Amino acid sequence: MLDIRLIRNDAAAVNAALKRRNPDLSVDDVVALDEQWRQLLHEEEELRSQRNALSKQVGELKRTGQNADELQEKTRLIGDRIKAIETEKETIEARQKELLHFIPNMPSEHTPTGTSEEDNVVVRTWGDEYKDRPWSGVTDHWDVGTKLGILDFERGVKVAQSRFSVIVGQGARLERALINYMLELHTQKGYTEVIPPFLVNPSAMFGTGQLPKFEQDMFQCKDDPLFLVPTAEVPVTNLYSDEILDEEQLPIYMTAYTPCFRREAGSAGKDTRGLIRQHQFNKVELVKLVHPETSAQEHMSLVEDAEAVLQGLKIPYRVIELCSADLGFSAARCFDLEVWMPAQGVYREISSCSNFLDFQARRANLKFRAKDTGRPTFLHTLNGSGLAVGRTLAAILENYQVAENTVRIPEVLQPYFGNQTELALHECIV
RNA sequence: GGAGAGGUGGCUGAGUGGACGAAAGCGGCUUCCUGCUAAGAAGUUGUCCGGCCUAAAACUGGACCGUGGGUUCGAAUCCCACCCUCUCCGCCA
């Protein structure tokens, strides 16, 4: 959520920033409502002040046994007017929220301006020397995964619905090894591992920006007001909501494995094959709560921490910076990691590392007490995938495919396989 | 799921219609004092939203005693609904 005071004081600058995302965005209506609202607030407070004074007099009269009927009547009328103004004010507040809650974050000054993902900027590429590792006839991850008997796309659909799959045998073990490997890597770098709830309430969803705009993208419980987490970002970022942390507690680094559940509404027909776009997938997430002055550099190191996973696995990737039009709702600046998928010869998103500045902190009420001013101050939040596990598994199936139906196990994962070096065929399902 | 108790400031905890933003204690901060890894004295101490102001502070108005409604001239206090916590019973990985 944007700061209403910033909007009030410099609507032109806010508009200019927002229009880099989308020319249709503007805070003009918010400003108009804000003016009305403040007018009403002023009136209301004036009346309340009067009522407080008069009520005190009523009490005084009654205590001394005098008649207060006239004064009571007068005060009652003021009460009626307060109620009327309150109603009007609430209407305006509701309309303003309706607008404000749907306005995305402003792109940072560093974010390149663009009109579509075409304008995203390649920052760097890594691991070109590993690109020739797969054999000449490399096949798609779903193909080799199915043939090896470690991916079962049909039975997943049978027990759930389309876009659900089953990982079997050595595939499941590989998925589990990846989760462990990632968590180990991150905790060694100082991230605290947390296992959060996989279901969260609407307030948490609002805090990180999924609600109200993206309600259709989430799975929702039928009998409880709870959503299945679309990413660990939601429970983990909200852990300290409505608290005022000490400045010494910052920065807070957390990493969490969770399954992620997304309805993928509106993406019908896109990436329907394989593990790329499932309703349920595993992800290890990195979350940082930091002092505002450090968030820019914390963002850079966050990206590096995500990159370390792919570097350890020796899988080629590139880092791109999202342009203003491609930024997520809450982000001010974002770098994506795209992993090399040799079967199709394309880079595929595998991580998204964002700096939200105080946008989420304001929604979730995440504060720390600043030493210099002594005031409660919004902190900055950042998060990044470290990494999407299913897509990493897919990348391994292609990048480590060395012959027909032969997939090697990356060195760093071999300890999780009793030092086995190659995925074995799973007889049970094939 | 059943029965009961309860949600007040950083913490403990008083407050059953008006002088309560809220006693007291603890903690924190400031100053003073004491020749010693500590004790004592005094003062101070929340959050949010407006106004004022170039801005901050100060000042000033308002709101906040789990949340949302209601009653009343006036609600921490009375009424209703919801949420949460604790205890006992039941069920259960």
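Lettering follows sequence order; numbering is per chain, from 1. All values reported here derive from a predicted model rather than from experimental measurement.
- rG25(B) and rG68(B) have their P atoms separated by 32 Å, given to the nearest Å.
- The stretch residues 89-105 of chain A has no heavy atom under 4.0 Å from RNA chain B, so no residue of it qualifies as close.
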Do Tyr253(A) and His186(A) pass the ring pair (Phe, Tyr, Trp, His ring centres under 6.0 Å) test, and can you show the C-alpha distance, the side-chain angles, and the key distance before you say yes or no?
-> CA-CA 9 Å; Tyr253(A) 299 159; His186(A) 299 317; over 10 Å; no
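- Remark: C1' of rU67(B) and CG of Asp242(A) are 12 Å apart, rounded to the nearest angstrom.
- The side chain to side chain donor-acceptor pair (under 3.5 Å) check on Ser162(A) picks up nothing, with sequence neighbours excluded.
- Base pairing annotation: rG21(B) forms no Watson-Crick or G-U wobble pair, as no partner gives both donor-acceptor distances under 3.5 Å.
- Looking at Asn419(A) and Gln414(A), their side chains never bring a donor and an acceptor atom within 3.5 Å of each other.
- Contact between the side-chain N/O atoms of Ser49(A) and the OP1/OP2 oxygens of rG62(B) is found at a separation under 4.0 Å.
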Using residues 286-293 of chain A as the side-chain source, report each donor-acceptor pair under 3.5 Å to any protein atom, sequence neighbours left out, with the distance given to one decimal.
residue: Lys288(A); atom: NZ; partner: Glu298(A); partner atom: O; Å: 2.9
residue: Lys288(A); atom: NZ; partner: Glu298(A); partner atom: OE1; Å: 2.7
residue: Lys288(A); atom: NZ; partner: Ser301(A); partner atom: OG; Å: 2.8
residue: His291(A); atom: ND1; partner: Glu293(A); partner atom: N; Å: 3.1

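- For the C1' atoms, the distance linking rA76(B) with rA23(B) amounts to 14 Å, nearest Å.
- Cation-pi contact between Arg363(A) and Phe206(A): present, with separation from the ring centre below 6.0 Å and deviation from the ring axis of at most 45°.
- Protein atom CG of Leu54(A) is 11 Å distant from nucleotide atom P of rG74(B), rounded to whole Å.
- The pair Arg8(A)-Asp34(A) counts as a salt bridge, with a side-chain nitrogen and a carboxylate oxygen less than 4.0 angstrom apart.
- Listed by first and then second residue, the side chain to side chain donor-acceptor pair (under 3.5 Å) pairs involving residues 10-20 of chain A are Asn15(A)-Asp28(A), Arg20(A)-Thr113(A) (not counting sequence neighbours).
- Distance Asp80(A) CG to rU72(B) P: 10 Å, rounded to the nearest Å.
- Distance CD1 (Ile195(A)) to C1' (rA93(B)): 15 Å, rounded to an integer number of Å.
- Checked against a 6.0 Å centroid threshold, the rings of Phe329(A) and Phe214(A) count as neighbours.
- As rounded to the nearest Å, rU77(B) and rA57(B) have C1' atoms that lie 37 Å from one another.
- Ion pairing of Glu44(A) with Lys89(A) is present here, as a side-chain N (NZ or NE/NH1/NH2) and a carboxylate O approach within less than 4.0 Å.
- Within 4.0 Å of Thr75(A), counting heavy atoms only, lie sugar-phosphate atoms of the nucleic acid but no base atom.
- Across every strand in view, rA5(B) sits in a pair with rU85(B) that passes the Watson-Crick or G-U test at under 3.5 angstrom.
- Side-chain nitrogen and oxygen atoms of Lys56(A) include none within less than 4.0 Å of the OP1 or OP2 phosphate oxygen of rG17(B).
- Electrostatic pairing of Arg262(A) and Glu264(A) does not count as a salt bridge here, judged by no charged N lying under 4.0 Å from a carboxylate O.
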Tell me, for nucleotides 46-51 of chain B in 5' to 3' order, what letter each nucleotide earns: B for a base near a protein heavy atom under 4.0 Å, S for only sugar-phosphate near one, - for neither?
-> -SSBSS
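- On the C1' atoms, rG61(B) is 15 Å away from rG21(B), given to the nearest whole Å.
- Figure legend: Arg173(A) and Phe417(A) shown as a cation-pi pair, the cationic atom lying under 6.0 angstrom from the six-membered ring centre and within 45 degrees of its axis.
- Taking atom C1' on both rG90(B) and rG18(B), the two are 48 Å apart, rounded to the nearest angstrom.
- In this entry the distance linking CG of Asn201(A) with P of rC82(B) reads 19 Å, nearest Å.
- The distance from atom CG of Leu61(A) to atom P of rA19(B) is 15 Å, rounded to the nearest whole Å.
- The same atom, C1', is picked in rC65(B) and in rC48(B); the two are 15 Å apart, to the nearest Å.
- The partner of rC59(B) is rG51(B), judged by Watson-Crick or G-U wobble contacts that both fall below 3.5 Å.
- Going from atom CG of Asn52(A) over to atom C1' of rA19(B) covers 14 Å, rounded to whole Å.
- Counted by atom type alone, Asn120(A) and Glu321(A) present zero donor-acceptor pairs between their side chains at under 3.5 Å.
- Taking atom CG of residue Asp10(A) and atom P of nucleotide rA55(B), one finds them 13 Å apart after rounding to whole Å.
- For the atom pair Glu45(A) CD and Leu40(A) CG, the distance stands at 11.5 Å (nearest 0.5 Å).
- For Arg51(A), a side-chain nitrogen or oxygen approaches OP1 or OP2 of rG74(B) to under 4.0 Å.
- For the contact set between residues 67-74 of chain A and RNA chain B, defined by any heavy atom under 4.0 Å, the members are Gln72(A).
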